[in-house]
Amino acid sequence: EPEVTQTPSHQVTQMGQEVILRCVPISNHLYFYWYRQILGQKVEFLVSFYNNEISEKSEIFDDQFSVERPDGSNFTLKIRSTKLEDSAMYFCASSGRKLKETQYFGPGTRLLVL
Amino acid sequence: RKEVEQDPGPFNVPEGATVAFNCTYSNSASQSFFWYRQDCRKEPKLLMSVYSSGNEDGRFTAQLNRASQYISLLIRDSKLSDSATYLCVVNMNTGFQKLVFGTGTRLLVSP
């Protein structure tokens, strides 16, 4: 069964450093998303991406965040200057060719900012 | 009012029990509704979509009441493997999907 993959599974970084979280969505999917989940809290929408541009972003997704689809398979989330409060699990998700298809989530990257 | 509200639990039930979870959502224009399951430190996984007519998948039954903005999930004949957190999820957009998650209801099924 096709699945979304994410790397790395864990990332530890120092405050102020840049991190790039990588995702490989399901191959024929066209819609891509990032969510985050701070430990003990709910899953929160960050951004959706379609046709090489952001379609919607949340208030959390400020200027420190960016997304990119550098090639035909990868989808990345960059945090330019990490803060302590960026520590969370980051989930990538993708959905298929129709707008309202189910989103499938990757296993997540656990980011710890020290 | 929270966008999606759930009782956090935990619900402690014995194997074989029937358990019901409820969820309310604030935006009457919400378009689609789901139950996801999340195991500890894992990703959310789709359990089932929820339709106005109600739908069933094996031991799981989901109901939607648009007038009351209320969603439910019923699990019959609980198994140990059902122990997880159940997330009520609402897509609030008419266009691009934007899933809004509840905080989840934790279920513990004991032998």
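Predicted, not measured: the structure shown is a model, and the values here were computed from it. Hydrogens, waters and symmetry mates are skipped; everything else that's a heavy atom, side chains included, is used. Each chain gets a letter, A, B and so on, in the order its sequence line appears, and its residues count up from 1.
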| message | For A:Phe75, give me all partners under ring-ring contact (aromatic ring centres under 6.0 Å, His included), at least two apart in sequence or on another chain. | response |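 In terms of ring-ring contact (aromatic ring centres under 6.0 Å, His included), with neighbours along the sequence ignored, A:Phe75 is linked to A:Phe32, A:Trp34, A:Phe49.
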| said: Between B:Leu107 and B:Val109, is there a side-chain heavy-atom distance shorter than 4.5 Å? | reply: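 Yes - at least one pair of side-chain heavy atoms lies under 4.5 Å apart.
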| For A:Arg69 and A:Asp71, what are the C-alpha separation, side-chain angles and deciding distance, and is it a salt bridge (charged side-chain N to carboxylate O under 4.0 Å, His left out)? | CA-CA 6 Å; A:Arg69 188 154 162 83; A:Asp71 53 45; 5.9 Å; no
| field | From CA spacing to verdict: ring pair (Phe, Tyr, Trp, His ring centres under 6.0 Å), B:Phe21, B:Phe11 | value | CA-CA 9 Å; B:Phe21 304 138; B:Phe11 283 52; 5.2 Å; yes
| said: Only heavy atoms, only distances under 4.5 angstrom. Which residues in residues 42-61 of chain B are near chain A? | reply: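 Against chain A, the residues of residues 42-61 of chain B that fall inside the cut-off (heavy atoms, under 4.5 Å) are B:Lys42, B:Glu43, B:Pro44, B:Leu46.
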| ring-ring contact (aromatic ring centres under 6.0 Å, His included) partner of B:Tyr36, the single match among A:Tyr104, A:Phe105, A:Phe91 |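 Running ring-ring contact (aromatic ring centres under 6.0 Å, His included) over A:Tyr104, A:Phe105, A:Phe91 with B:Tyr36 returns exactly one hit, A:Phe105.
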| field | side-chain hydrogen bond (donor to acceptor under 3.5 Å, both in side chains) partner of B:Tyr70, chosen from B:Asn65, B:Asn22, B:Thr24 | value |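 Only one of B:Asn65, B:Asn22, B:Thr24 forms a side-chain hydrogen bond (donor to acceptor under 3.5 Å, both in side chains) with B:Tyr70, namely B:Asn22.
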| query | For A:Gln37, is it the side chain, the backbone, both or neither that has a heavy atom under 4.5 Å from a heavy atom of chain B? | reply |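 Contact with chain B involves the side chain of A:Gln37 alone.
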